[in-house]
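Beneath this line is the structure, given in structure tokens, with notes to follow.
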Amino acid sequence: MASIHKINSLERPQKPLYSHAVKVSGLIFLSGQVPVDKEGNPVAGDIQAHTKQCLSNLTDVLNAANSSWDKVVKVNIYLKDMDDFDRVNETYIQFVPEPRPARTCIQAGRLPNDFDVEIEAIAAA
């Protein structure tokens with residue numbers, strides 16, 4: 001049986017419901033990140049500021065897992081409003097290095113705490 005290692009970043013608020021990431025069989029599955037600061041408070045700003053915060057939060061988790069954006073193979077983006085797609089992409093391409101990973105982006109029915117974006121990722125270990 002594959003070893004399962006649960007990872008939590010000291011840079012992110014701790015949640016009793018889930019781990020920030022789980023490493024198994026050469027992959028790291030990163031939990032979705034919403035636009036909150038290190039204390040768990042929602043950040044102010046528009047969809048671009050929120051996208052940047054989500055990506056920064058994922059960076060904290062990647063660092064805790066001894067990984068990086070260069071090893072990310074898949075990103076899933078959940079939007080409250082698909083009309084934000086172009087503005088999310090503007091921030092995403094500035095933040096995520098080339099070659100960029102595979103990606104899915106969907107409009108979600110409703111995100112936790114009515115956030116406008118949540119982003120999760122899978123990385124190679």
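In what follows, every heavy atom counts, from backbone to side chain, and hydrogens, waters and symmetry copies are set aside.
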ask   = Do L55 and Q33 pass the side-chain contact (heavy atoms from CB on, under 4.5 Å) test, and can you show the C-alpha distance, the side-chain angles, and the key distance before you say yes or no?
value = CA-CA 8 Å; L55 295 168; Q33 296 294 314; over 6 Å; no

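- Heavy-atom minimum distance, K71 versus N66: NZ-O, 4.4 Å.
- In the model, K74 has a side-chain atom that pairs as donor or acceptor with a side-chain atom of T104 under 3.5 Å.
- For the pair F95 and T59, the minimum side-chain heavy-atom distance is below 4.5 Å.
- A distance-only check finds no donor-acceptor pair linking the side chain of S19 to the backbone of K6 [under 3.5 Å].
- In this structure, the side chain of H20 does not engage the main chain of A64 through any donor-acceptor pair within 3.5 Å.
- Each of V75 and I106 belongs to its own hydrophobic cluster when Ile, Leu, Val, Met, Phe, Trp and Tyr are linked at side-chain heavy-atom distances under 4.5 angstrom.
- Side-chain heavy atoms closer than 4.5 Å link hydrophobic residues (I, L, V, M, F, W, Y) into clusters, and following such links, even through other members, never connects Y18 to I4.
- In the hydrophobic clustering of ILVMFWY residues, with side-chain heavy atoms under 4.5 Å counting as a link, I77 and M82 come out together.
- In this structure the side chain of R87 reaches within 4.5 angstrom of the side chain of D46, judged on heavy atoms.
- For D116 (side chain) and H50 (main-chain N/O), no donor-acceptor pair under 3.5 Å exists by modelled atom type.
- Here the straight-line distance linking atom CZ of F85 with atom CD1 of I47 works out to 12.0 Å at 0.5 Å rounding.
- Counting heavy atoms from C-beta outward, V22 and I28 have side chains that stay 4.5 Å or more apart.
- Of all heavy-atom pairs spanning P101 and V96, the tightest one is CD-CG1, 3.7 Å.
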message = Between I7 and K23, does the side-chain contact (heavy atoms from CB on, under 4.5 Å) criterion hold? Intermediate values first, please.
response = CA-CA 7 Å; I7 301 162; K23 187 184 294 189; 4.0 Å; yes

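- Heavy atoms only, all atoms of each residue included: S67 and A123 are closest at OG-CB, 3.9 Å.
- Panel note: side chain N113, backbone F115; no donor-acceptor pair is recorded below 3.5 Å.
- Between P97 and D70 there is a side-chain heavy-atom pair separated by less than 4.5 Å.
- Listed here is the closest heavy atom pair of V43 and D37: CG1-N, 3.8 Å.
- Side-chain contact between D84 and V117 is absent, with no heavy atoms from C-beta onward closer than 4.5 Å.
- Within 6.0 Å of atom NZ in K38, more than 12 heavy atoms from other residues, nucleotides or ligands are found, so the atom counts as buried in its surroundings.
- Considering SG of C105 and CG of N76, their distance stands at 9.5 Å, rounded to 0.5 Å.
- Rounding to the nearest 0.5 Å gives a distance of 11.0 Å between CG of L30 and CG of N57.
- At least one donor-acceptor pair under 3.5 Å links the side chain of R12 to the backbone N or O of V36.
- Taken from CD in Q48 to CD in Q94, the straight-line distance is 7.5 Å, to the nearest 0.5 Å.
- The shortest non-hydrogen separation linking V73 to A124 is CG1-N, 4.4 Å.
- The shortest side-chain heavy-atom distance between N8 and L10 does not fall under the 4.5 Å cut-off.
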task = Please report the C-alpha distance between L58 and W69 in whole Å, then the side-chain angles of each, then the deciding distance to 0.1 Å, and finally whether the side-chain contact (heavy atoms from CB on, under 4.5 Å) criterion is met.
result = CA-CA 9 Å; L58 284 169; W69 279 102; 3.8 Å; yes

ask   = Going through the distances and angles, do I119 and T51 end up as a side-chain contact (heavy atoms from CB on, under 4.5 Å)?
value = CA-CA 8 Å; I119 304 175; T51 300; 4.1 Å; yes

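- Side-chain contact between Y78 and E120 is present, with at least one heavy-atom pair separated by less than 4.5 Å.
- With a 6.0 Å cutoff to the six-membered ring centre and a 45° limit on the axis angle, R103 counts as a cation-pi contact of Y92.
- By the 4.5 Å heavy-atom criterion applied to side chains, V72 and L62 are counted as neighbours.
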